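Computed from a predicted structure; not experimentally measured. Counting begins at 1 with the first residue of the sequence.
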Amino acid sequence: MLTWWRLADQFDWFSSYLYDRGLQAQWRLAIFAFTLALATVPLAMLVSPFGPDTTLTVAVAVVAGASAAAASTLWLFGWPTRRWSVVYSIVCSGCIAATCLSQSSAYGALMGCTVFAVIGGFLAYFHAPSHVLANFALAMGCAVVSAARLVLGTGDVALAVSAGLIVVALNIGVPFGIFSLVHALRRDLRDSDRDPLTGLGNRRSFFNAVGELLAAQPREIGVRLNVTMVDLDRFKRLNDTHGHAVGDQALVSVAAVLQEHCSPGAALARLGGEEFVIADIDLAARHRAAAERIRQGIAATRFGVTASLGSASAALRPGVPVPHPEFVERLVGIADAAMYQSKRAGGDRVEHRWLDEQPG
């Protein structure tokens, strides 16, 4: 349970997963339509004999329906940020609670608490267990109040208990099932997005990892997004002279050098052949020092290879989102050009580029 509780928010990586597969537009329209449909429920219940029956409860139901409808429009204007996604879920959970508690029928109010499972499922897809638990706590609070009203109004304890068990089962089963599935999918994707030879990520996993780095908050003033391209010098000669098996061993050795000298949170990948890429969010001086250690480490391997490195660095303003992946691709291009400049200068050196423009 402690391991499950400590799992991180999933919004950024799952959003990237949908983006990579061209599914964000479909998800946006589906969430909009589904939320709008649920928003009509409190308004439809106004004409039901089991719906709101006082001026106050009618007003609560109207506000709940209007608020849910307004929240649904968030998904019409593009993919939201993590913060706005959380705001959306809070508004929807509050609207469900208000709708349930405003009903004159205690049984209808209790069964209405099953709808919390929908928001719980959304949170399980995109957010952390703490968000799921908060939604579950609100659902249970509304269910206890509604069940107490049902028992006091009818004396039917068995009906209240049965309906309550349905509410509990759905609000536990749906989010937990989705969260487990998405977490397993994330593990499988990480394994499938790894280079089988070196164990480093591939291009797709690199951009996903950088996206997660950018989402990490807070950021210090003066911290920069740094990208370094690494290309081995005269690697073809090594393959031609000693064979591809030795070449593969050299690539594995280079990957070990990268892992040894990069910061623990850095994103590492092999882009193909003898080309590698590194990204981190750190002070430019520390990244530059790491790049130099990597150059020296590669030159010190027993395979007699050297590397040309090119790095690009851009300032990050605290609290300002970075357009991803467009800006990262731009930095990769600048770092790649710097790497080729290093190679033309004879190799076994590091070329640095600083981008004064701040993203966002």
Side-chain angles (χ1 to χ4, degrees), residues 193-195 197-214 216 219-220 222-235 250-301 303 305-316 322 324-359:
D193 284 349
R194 294 206 172 274
D195 172 48
L197 177 63
T198 64
L200 301 181
N202 59 18
R203 184 178 182 86
R204 176 190 293 173
S205 67
F206 170 75
F207 278 92
N208 289 340
V210 176
E212 293 184 12
L213 283 177
L214 292 172
R219 295 197 292 256
E220 306 170 32
V223 169
R224 304 174 74 90
L225 172 61
N226 309 288
V227 174
T228 292
M229 297 291 293
V230 181
D231 191 85
L232 301 185
D233 301 321
R234 294 173 289 278
F235 182 72
L251 293 174
V252 172
S253 179
V254 170
V257 170
L258 266 59
Q259 292 172 317
E260 178 183 357
H261 294 294
C262 290
S263 60
L268 308 175
R270 179 189 176 201
L271 298 184
E274 64 271 24
E275 192 173 53
F276 300 82
V277 64
I278 307 160
D280 65 18
I281 295 179
D282 203 346
L283 298 177
R286 285 206 287 256
H287 183 85
R288 182 172 182 172
E292 178 60 25
R293 290 195 301 270
I294 289 169
R295 184 196 66 78
Q296 295 175 5
I298 293 174
T301 63
F303 300 97
V305 295
T306 60
S308 298
L309 292 84
S311 70
S313 179
L316 296 178
V322 177
H324 177 71
E326 296 82 8
F327 195 80
V328 179
E329 290 175 340
R330 182 179 175 189
L331 275 184
V332 168
I334 294 172
D336 197 51
M339 181 269 292
Y340 278 107
Q341 178 64 36
S342 174
K343 191 172 286 290
R344 285 192 294 269
D348 193 22
R349 58 186 291 151
V350 185
E351 288 285 339
H352 298 277
R353 301 288 183 270
W354 283 267
L355 189 63
D356 292 332
E357 173 193 347
Q358 296 187 348

Heavy-atom donor-acceptor pair, Arg224 side chain to Ser313 backbone, under 3.5 Å = yes

Kindly write out the residues that satisfy side chain to side chain contact (heavy atoms under 4.5 Å, CB included) with Ala290, not counting sequence neighbours, or none if the list is empty.
-> Arg293

Using a 3.5 Å cut-off and no angle test, enumerate the donor-acceptor pairs between side-chain atoms of residues 252-260 and protein atoms at least two apart in sequence or in another chain.
none

Closest heavy-atom contact between Ser311 and His352?
-> OG-ND1, 2.7 Å

N/O donor to acceptor pairs below 3.5 angstrom from side-chain atoms of residues 264-280, sequence neighbours left out:
unit_1 : atom_1 : unit_2 : atom_2 : d
Arg270 : NE     : Gly273 : O      : 2.9
Arg270 : NH1    : Asp195 : OD1    : 3.3
Arg270 : NH1    : Asp195 : OD2    : 3.2
Arg270 : NH2    : Gly273 : O      : 2.9
Asp280 : OD1    : Asn226 : ND2    : 2.9
Asp280 : OD1    : His287 : ND1    : 3.0
Asp280 : OD2    : His287 : ND1    : 3.0

side-chain hydrogen bond (donor to acceptor under 3.5 Å, both in side chains): pairs with one or both residues in residues 334-343, sequence neighbours excluded | Asp231-Lys343, Asp233-Lys343, Gln341-Arg344

Got a sec, which residues hit side-chain hydrogen bond (donor to acceptor under 3.5 Å, both in side chains) with His261, two or more places apart in sequence or on another chain?
-> none

Glu292 meets the salt bridge (Lys or Arg N to Asp or Glu O under 4.0 Å) criterion, sequence neighbours left out, with Arg295

Heavy-atom distance under 4.5 Å between the side chains of Leu225 and Val328, does that happen here?
-> yes

Side chain to side chain, Ile294 and Val350, heavy atoms closer than 4.5 Å = no

May I ask you to test the Ile298-Val230 pair for a side-chain heavy-atom distance under 4.5 Å?
-> yes

Rounded distance (nearest 0.5 Å) linking atom CG of Leu309 with atom CZ of Arg349 | 11.5 Å

Under the side-chain contact (heavy atoms from CB on, under 4.5 Å) criterion, do Leu232 and Leu251 qualify, and how do the steps go?
-> CA-CA 9 Å; Leu232 301 185; Leu251 293 174; 3.9 Å; yes

Locate the shortest heavy-atom distance separating Arg353 from Ala338; write the atom from each residue and the value.
-> CG-CB, 3.8 Å

When rounded to the nearest 0.5 angstrom, what is the spacing between CG in Leu331 and CD in Glu326?
-> 12.5 Å

Can you sort out the partners of Arg234 under side-chain hydrogen bond (donor to acceptor under 3.5 Å, both in side chains), two or more places apart, ordered by chain and number?
-> none

